[in-house]
Number of protein chains: 2
Amino acid sequence: MSKQELPVVGQGAGVADCCPGLLTAPLDGDRAAELATVFKALGDPVRLRLLSLIASRAGGEVCVCELTPAFDLAQPTISHHLKLLRQAGLIASERRGTWVYYRLVPEATDRLAAVLTRPAEPGPTAAAARPADTAGSGPAEPAATAGAVS
Amino acid sequence: MSKQELPVVGQGAGVADCCPGLLTAPLDGDRAAELATVFKALGDPVRLRLLSLIASRAGGEVCVCELTPAFDLAQPTISHHLKLLRQAGLIASERRGTWVYYRLVPEATDRLAAVLTRPAEPGPTAAAARPADTAGSGPAEPAATAGAVS
DNA sequence: CTTCTATCTTGACGTTCTTCGATTCACGGC
DNA sequence: GCCGTGAATCGAAGAACGTCAAGATAGAAG
């Protein structure tokens, strides 16, 4: 197998430095589309359980014949979900004899975890920490009048 | 505002111990549905950029009047996406005067990052590290009988 | 070569999502 | 009390998604 997957997760070199994180800088359109593809692949309970079953396996590989009977779904449906996960770069497939084995791509999940991780938190509890300099730099003129409205 | 959000991210107490991670254990159906809701909220480029814009703001709050003109989309559409993000527990809204301000819920993204983080990696480089004991422990009987099927 | 098993692909159907225009609600100013 | 502005809701059109039945493909066994 191993057709062309979308290189959305960029498992090549220089992965860590290209992605400063979703929560740090305002994410341009291209990167948003790339990340949305991966997150959309995770946005389904069946695919989430498939990925969990594959990732939690000790040997790192699961046969399709083990995944199908766990889901009350037809085999083509499972195959379709596996294809979406593979196109998102989250899993990889390998044919061995009659059976096809799927394994996790750790770089993909590592990258997603890094994208969702905040770099550093100046506020201690991260709640109710809202300094008043908001009106000075960011939210432009409406925030400047926010203190006088009521 | 602050209607009821779906408690999918569980920002109450005992959050960290209830979720051993997506990649560790095989995820039951209920938790898969909960997580899928949050990931589905992230599975759209517009919502991803909205979240990024909100999270990367210094003061932690962004007015809707700043988000709308950044997207070439109608204002009801932005409002709809913000509602989905809020229902997923990723952001929270607060009305101040005429304007409504959105801020990130850090517990939500922290939890997602934890869910996507692998607990311990026996392989050092995590790539091309696949020992031959795969057939012995993991993939159960189909792999064991791979040499003599029927 | 034939047959069988395991998996993927194709085509179709119903559901859900994204987007918009029009309307409605909330709040402040007059 | 009335009007203007900012934001949410409602209803609808179009696209995308999830699911399955049927057929096609790859490999092993006889």
Side-chain angles (χ1 to χ4, degrees), chain A residues 1-3 32-33 36-37 39-50 61-69 71-88 91 93-102 139-150, chain B residues 1-3 5 32-33 36-37 39-50 54 61-69 71-88 91-102 139-143 145-150:
Chain A
M1 289 300 170
S2 70
K3 294 180 177 177
T37 302
F39 280 125
K40 195 181 299 178
L42 294 175
D44 185 276
V46 175
R47 289 195 289 269
L48 224 39
R49 277 206 286 165
L50 278 171
E61 287 184 338
V62 186
C63 174
V64 178
C65 57
E66 293 182 77
L67 297 171
T68 303
F71 279 96
D72 271 1
L73 289 173
Q75 231 175 28
T77 305
I78 300 295
S79 193
H80 169 67
H81 285 307
L82 287 172
K83 183 165 118 180
L84 288 187
L85 285 173
R86 199 184 57 215
Q87 286 178 339
I91 59 177
S93 65
E94 178 191 353
R95 173 160 222 137
R96 208 174 320 145
T98 310
W99 298 278
V100 176
Y101 291 86
Y102 282 87
E141 52 276 26
T145 59
V149 267
S150 68
Chain B
M1 289 296 177
S2 69
K3 295 180 178 178
E5 277 81 43
T37 302
F39 280 125
K40 195 182 297 180
L42 294 174
D44 186 277
V46 175
R47 289 194 289 268
L48 224 40
R49 276 205 285 166
L50 278 171
I54 295 171
E61 286 186 338
V62 186
C63 174
V64 179
C65 59
E66 293 182 77
L67 297 172
T68 303
F71 280 94
D72 271 1
L73 288 173
Q75 192 243 343
T77 304
I78 300 295
S79 192
H80 169 68
H81 285 306
L82 287 172
K83 182 166 119 179
L84 288 187
L85 285 173
R86 198 184 58 215
Q87 287 179 336
I91 59 176
S93 64
E94 179 190 354
R95 172 157 223 141
R96 207 175 319 146
T98 310
W99 301 278
V100 176
Y101 292 85
Y102 281 87
E141 54 276 22
T145 59
V149 196
S150 64

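Atoms considered below: every heavy atom in the structure, side chains included; atoms not considered: hydrogens, waters and symmetry mates. Numbers restart at 1 for each chain; the letters A, B, ... are given by sequence-line order, proteins then strands.
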Toward the 5' end of DNA chain D, which comes first, A/P76 or A/G43, by nearest nucleotide? A/G43

In whole angstroms, how far is the C1' atom of D/dC10 from the CD atom of B/Q75? 14 Å

Short side-chain N/O contact to D/dG6 OP1/OP2 from B/Y101, under 4.0 Å: no

Atom-to-atom span, CD of A/E94 to C1' of D/dG27 - whole angstrom: 15 Å

Measure CZ/A/R86 against P/C/dT7 and give the value in whole Å, please. 14 Å

At less than 4.0 Å, is any side-chain N or O atom of B/H81 found next to OP1 or OP2 of C/dT19? Yes or no. yes

Return the nearest nucleotide to the side chain of A/T98; candidates are C/dC8, C/dT5, D/dA7. C/dT5

Does A/R47 have a side-chain nitrogen or oxygen under 4.0 Å from the phosphate oxygens OP1 or OP2 of D/dG18? yes

Taking the nucleotide of DNA chain D with the closest heavy atom to each, which residue, A/K40 or A/A74, is nearer the 5' end? A/K40

Euclidean distance, atom NE2 of residue B/H80 to atom C1' of D/dT9 [Å, nearest integer]: 12 Å

How far apart are the closest heavy atoms of B/I91 and B/L82, and which atoms are they? CD1-O, 3.6 Å

Closest of D/dG18, C/dT7, C/dT18 to the A/D44 side chain is D/dG18

Which atom names give the shortest non-hydrogen contact between B/R49 and A/A32, and what distance separates them? CG-CB, 3.6 Å

Integer-rounded Å distance: D/dT19 P and A/L73 CG: 5 Å

If every non-hydrogen atom of B/I54 is compared with every non-hydrogen atom of B/Y102, which pair is closest and at what distance? CG2-O, 3.6 Å

In whole angstrom, what separates B/L82's CG from D/dA7's C1'? 10 Å

Write down the atom of B/A88, the atom of B/A41, and the distance for their closest heavy-atom approach. CB-CB, 3.7 Å

Residue pair A/F71 / A/L50: nearest heavy atoms and the distance that separates them: CE1-CD2, 3.6 Å

Considering every strand and a 4.0 Å limit on heavy-atom distances, what is the contact class for B/Y102: base, sugar-phosphate, or nothing? sugar-phosphate

Atom CG of A/L84 and atom C1' of D/dT19: how far apart are they, to the nearest Å? 12 Å

For the pair made of CD1 in B/I78 and C1' in D/dT9, what is the distance, rounded to whole Å? 16 Å

State whether B/T77 places a side-chain N or O below 4.0 Å from either non-bridging phosphate oxygen (OP1 or OP2) of C/dT18. no

Ignoring backbone atoms, establish whether A/S79 has a side-chain N or O less than 4.0 Å from OP1 or OP2 of C/dC8. yes

